[in-house]
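No experiment lies behind these values; they were computed from the predicted model shown. Computation of the quantities below employed the complete heavy-atom set of this structure, encompassing side-chain atoms and omitting hydrogens, waters and symmetry-equivalent molecules. Per chain, numbering begins at 1; letters A, B, ... match sequence-line order.
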Amino acid sequence: MPELPEVEVVRRGLARWVRGRTIEAVEILDPRSIRRHALGAEDFRGNLVGATVTDTVRRGKFLWMPLADTKHDDGASRLAPSSYLPAARLESEAGGIVHTAPRVALMAHLGMSGQLLVEDEDQPDEKHLKVRLRLSQDGDHLPAELRFVDQRIFGGLFVTGMVATADGMPGGLGEDPEALVPVEASHIARDPLDPAFSFEEFFSRLRARRTGLKRALLDQSLISGIGNIYADEALWAARLHFARATDTVRRPEVTRLLTACRDVMERALEAGGTSFDSLYVNVNGASGYFERSLNAYGREHLPCLRCAEAGLDSRVRRDTFMNRSSYTCPRCQPRPRNGRW
DNA sequence: CGCGGCACCTGAGAGC
DNA sequence: TGCTCTCAGGTGCCGC
């Protein structure tokens, strides 16, 4: 489930249904979905069985569940550090990233088509079911399984170590304010809904780029959580063209753009996310309904609603950009000449 | 070293 | 029916 609001919907579902529960069994139906686990699917399983999910944390589109080991009362981890933090990684962290006491997390990225579903064990397997986790039954009537379903396999799960980022700030949006960040998410910038997001840092880094606005919005190391839908929606709301040169944008324009990003993603979150079909659902399999609130994305040839309100007829156009579609109103988002202003 | 293009996958739908 | 083509909410890596 792609962009920030959809991932946050999933995070909240996991916080409700999975936090505090212990993983009792792991079934890997397709090892290709254990994507970046350096030591392979079998090691992945060994790291998870007996571990308890202590929290659910998100940064941009990355989602993770910090794990506590419940096997030993003395607090010693059953998990050898080398099994989740390869030596090469330790060496590569010299620049910028300070290593702290290793903690582990179950990382998830949904890619283009991943789903995390909380279900009873008697539910039939989904066609693209990749991984099944059986969870402890601490209370009663809790669904017994957490399933990872993914048609295109761009998403995946893995267990990894967590580090503190260079700014020494807490990791992301979760319940634990001291949360660290998994190594694989440490290059991901804060997202616009993160209280620690810095406008000044974003503005100066954006201005230093020599590229177009949309390409910058989609760069997760500059600003995270924004994908193709919400980039188009935010640019439309801010009346800016996707090809506008980043080194010419002025402060008020960037303020407008960021406000638009926050606004559209918060509204999408309230609506449960954007779904065009059953591919994008919450942990209980239900679709969000923000799709009906989109102003630009997917509206080729349809009227620009802002222009219509002003009594003008302007139709949304679709351009191929970065090998994907971009939707703009040619009247209120005019294409800059020579990519400049 | 920053930027842009492309590979990684599967499936749905259109057109012939 | 089946082929080919395009398209789909993302990310990382490689060459320039």
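Looking at residues two or more places apart in sequence or on another chain, you find no side chain to side chain contact (heavy atoms under 4.5 Å, CB included) involving Glu270(A). Remark: Ala189(A) pairs with no residue by the side chain to side chain contact (heavy atoms under 4.5 Å, CB included) rule, at least two apart or across chains. Residues passing the salt bridge (Lys or Arg N to Asp or Glu O under 4.0 Å) test with Arg45(A) are Glu42(A), sequence neighbours excluded. Judged as a side chain to side chain contact (heavy atoms under 4.5 Å, CB included), and not counting sequence neighbours, the contacts of Asp319(A) are Phe242(A), Arg317(A), Thr328(A).
In this structure, CG of Asp150(A) is placed 11 Å from C1' of dG10(C), rounded to the nearest angstrom. Protein atom CZ of Phe158(A) is 12 Å distant from nucleotide atom C1' of dG12(C), rounded to whole Å. Across the protein-nucleic acid pair, Met322(A) atom CE and dA7(B) atom P stand 15 Å apart, rounded to whole Å. Separating the CZ atom of Arg209(A) from the C1' atom of dG4(B) is a distance of 13 Å, rounded to the nearest angstrom. Summarising the geometry, the separation between CZ on Arg58(A) and P on dG10(C) is reported as 14 Å, rounded to the nearest angstrom. When the C1' atom of dC7(C) is taken as reference, atom CG of Asn228(A) falls 12 Å away, rounded to whole Å. Separating the CZ atom of Phe321(A) from the P atom of dC7(C) is a distance of 16 Å, rounded to the nearest angstrom. As rounded to whole Å, 10 Å separates atom P of dA8(C) from atom CD1 of Ile229(A).
Ionic pairing of Arg58(A) and Glu8(A) is present here: one or more N-O contacts between side-chain nitrogen and carboxylate oxygen are shorter than 4.0 angstrom. The pair Lys214(A)-Asp232(A) meets the salt-bridge criterion, with a side-chain N (NZ, NE, NH1 or NH2) lying under 4.0 Å from an Asp/Glu carboxylate O. Here Arg132(A) does not pair with Glu121(A) in a salt bridge; the nearest charged N to carboxylate O distance is not below 4.0 Å. Ion pairing of Asp247(A) with Arg210(A) is present here, as a side-chain N (NZ or NE/NH1/NH2) and a carboxylate O approach within less than 4.0 Å.
Spacing between dC1(B) and dT11(C) at atom P, rounded to whole Å, works out to 23 Å. When the P atom is compared between dC9(B) and dC3(C), the two are found 23 Å apart, to the nearest whole Å.
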Pairs counted as Watson-Crick or G-U wobble with both distances under 3.5 Å: what dot-bracket string results for DNA chain B, using | for bases tied to another strand? .|||||||.|||||||

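Phosphate contact (OP1/OP2 of dA8(C), side-chain N/O of Ser325(A), threshold under 4.0 Å): present. Taking side-chain N and O atoms only, Arg210(A) has no distance below 4.0 Å to OP1 or OP2 of dG4(B). Residue Arg215(A) has a polar side-chain atom (N or O) positioned under 4.0 Å from OP1 or OP2 of dG4(B). In this structure, His187(A) does not reach the dT11(C) phosphate: none of its side-chain N or O atoms is under 4.0 Å from OP1 or OP2.
Checking dG5(B), dG12(C), dG10(C) against every side-chain atom of Asn323(A), the shortest atom distance belongs to dG5(B).
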A correct 5'-to-3' footprint of nucleotides 8-15 of chain B, with B, S and - meaning base, sugar-phosphate only and no protein heavy atom under 4.0 Å, is BBBS----

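Classified by interplanar angle (parallel below 30°, tilted 30° to 60°, perpendicular above 60°), the ring pair Tyr230(A)/Phe290(A) is tilted.
In this structure, Arg306(A) is positioned above the aromatic face of Trp236(A), its NZ or CZ under 6.0 Å from the six-membered ring centre and within 45° of the axis.
Residues Thr320(A) and Arg324(A) each lie close to DNA chain C; by heavy-atom proximity, the contact nearer the 5' end of the strand is made by Thr320(A).
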